[in-house]
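Working notes, structure below.
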Amino acid sequence: MHPQFKEVTTGVAAADAQNYAQKLGITRDMVVQELGWDEDTDDDLRADVEDAIGGETLDEDSDEVIDVVLLWWRDGDGDLVDALMDAIGPLSDDGIVWVLSPKTGMSGHVEPSEIAESAPTAGLTQTSAANLGDWIGSRLVQPKTPATKR
C-alpha cells in the first residue's frame with residue numbers, strides 16, 4: 001500500500017477528534033471547568049479537551065480561577081440565566097463560557113434564541129458558535145469594559 005493512503009485513513013479520525021478543543025480555543029495548561037455533565041455528554045469532546053489541557057477538567061466544587069467553562073445545557077435543565085451567573089463567578093476576566101446544547105432534532109435541543117436572550121441578562125455577550133458533533137457550542141464572553149472613572 002502506498003504510504004500516502006495509510007496516513008489518510010489513520011489521520012482523519014484523529015484530526016476530527018483534535019478539532020473539538022481547537023474549535024473551543026482550548027489549549028495546554030488552561031483551567032477548564034465542566035458543568036452540567038450527564039450520561040448524554042460527548043465523551044470524545046470531553047477526552048479531547050482533557051488531552052488538550054494536559055489534565056482533568058474541574059467540577060462545580062472547584063475554587064480555582066477558570067479560563068473556560070463548558071456548560072452542558074439541555075431544554076428542561078432549568079433557568080439558563082441562573083446557570084450562567086453561577087458559571088461566571090470563578091471566571092477570569094477574559095474567560096469564556098461555552099454553552100453546549102444538543103443540535104436541532106436531538107433530545108434536549110435548546111433554541112438558539114434562548115441562549116441569545118439569556119446571555120446579556122447574565123452579563124455576557126455571544127460571539128460565535130461551533131459545530132461539535134451532536135452538540136452546538138455557543139461562545140459567551142464578558143464584555144470588555146473601560147476602567148471606571150473615579
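All values derive from a computational prediction rather than experimental measurement. Both backbone and side-chain heavy atoms feed into the values below; hydrogens, waters and symmetry mates do not.
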Please say yes or no: joined through hydrophobic side-chain contacts below 4.5 Å, possibly via intermediate residues, are [X] and [Y] part of one cluster?
X      : Y      : answer
Trp72  : Leu58  : no
Leu132 : Ile136 : no
Val141 : Ile26  : yes
Leu70  : Ile66  : no
Ile115 : Leu35  : yes

Heavy atoms only: give me the nearest [X]-[Y] pair and the separation to one decimal.
X      : Y      : answer
Ser118 : Glu114 : OG-O, 2.7 Å
Glu64  : Ser62  : N-OG, 3.1 Å
Gly123 : Pro143 : O-CD, 3.1 Å
Gly137 : Leu100 : CA-CD2, 3.7 Å
Leu24  : Trp98  : O-NE1, 3.1 Å
Val99  : Leu84  : CG2-CD2, 3.8 Å

- Query: For residues 122-141, which residue pairs qualify under side chain to side chain donor-acceptor pair (under 3.5 Å), counting only residues two or more places apart or in two chains?
  - Reply: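 Counting only pairs at least two positions apart or across chains, the side chain to side chain donor-acceptor pair (under 3.5 Å) contacts touching residues 122-141 are Lys103-Asn131, Thr127-Arg139.
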
- Message: Going by the rule side chain to side chain donor-acceptor pair (under 3.5 Å), which residues pair with Thr41 if we only count those two or more places apart in sequence or in a different chain?
- Response: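 Expected list: Trp37.
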
- Message: For Thr57, is there any backbone N or O sitting under 3.5 Å from a side-chain donor or acceptor partner on Glu50?
- Response: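 Side chain of Glu50 to backbone of Thr57: a pair is present.
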
- Task: Using modelled atom types only, decide if a donor and an acceptor are shared between the side chain of Gln33 and the backbone of Asp59 within a distance under 3.5 Å.
- Result: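 Yes; at least one donor-acceptor contact below 3.5 Å.
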
- Query: Got a second to check how far Glu34's CD is from Leu45's CG, nearest 0.5 Å?
  - Reply: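 That separation rounds to 8.5 Å.
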
- Query: Distance from Leu71 atom CG to Leu80 atom CG, nearest 0.5 Å?
  - Reply: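 The distance works out to 6.5 Å.
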
- Give every residue pair that meets the salt bridge (Lys or Arg N to Asp or Glu O under 4.0 Å) criterion with at least one member in residues 67-91, sequence neighbours excluded.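 For residues 67-91: Asp40-Arg74, Arg74-Asp77.
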
- Query: Pick one: which of Val97, Leu91, Asp93 meets side chain to side chain contact (heavy atoms under 4.5 Å, CB included) with Gln142?
  - Reply: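 Among Val97, Leu91, Asp93, the one meeting side chain to side chain contact (heavy atoms under 4.5 Å, CB included) with Gln142 is Leu91.
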
- Gln22 vs Asp48 side-chain heavy atoms within contact, under 4.5 Å: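 In short, these two side chains do not touch, never coming nearer than 4.5 Å.
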
- Item | Pair Lys144-Asp94, side-chain contact (heavy atoms from CB on, under 4.5 Å): steps then yes or no | CA-CA 8 Å; Lys144 302 292 179 224; Asp94 56 354; 3.7 Å; yes

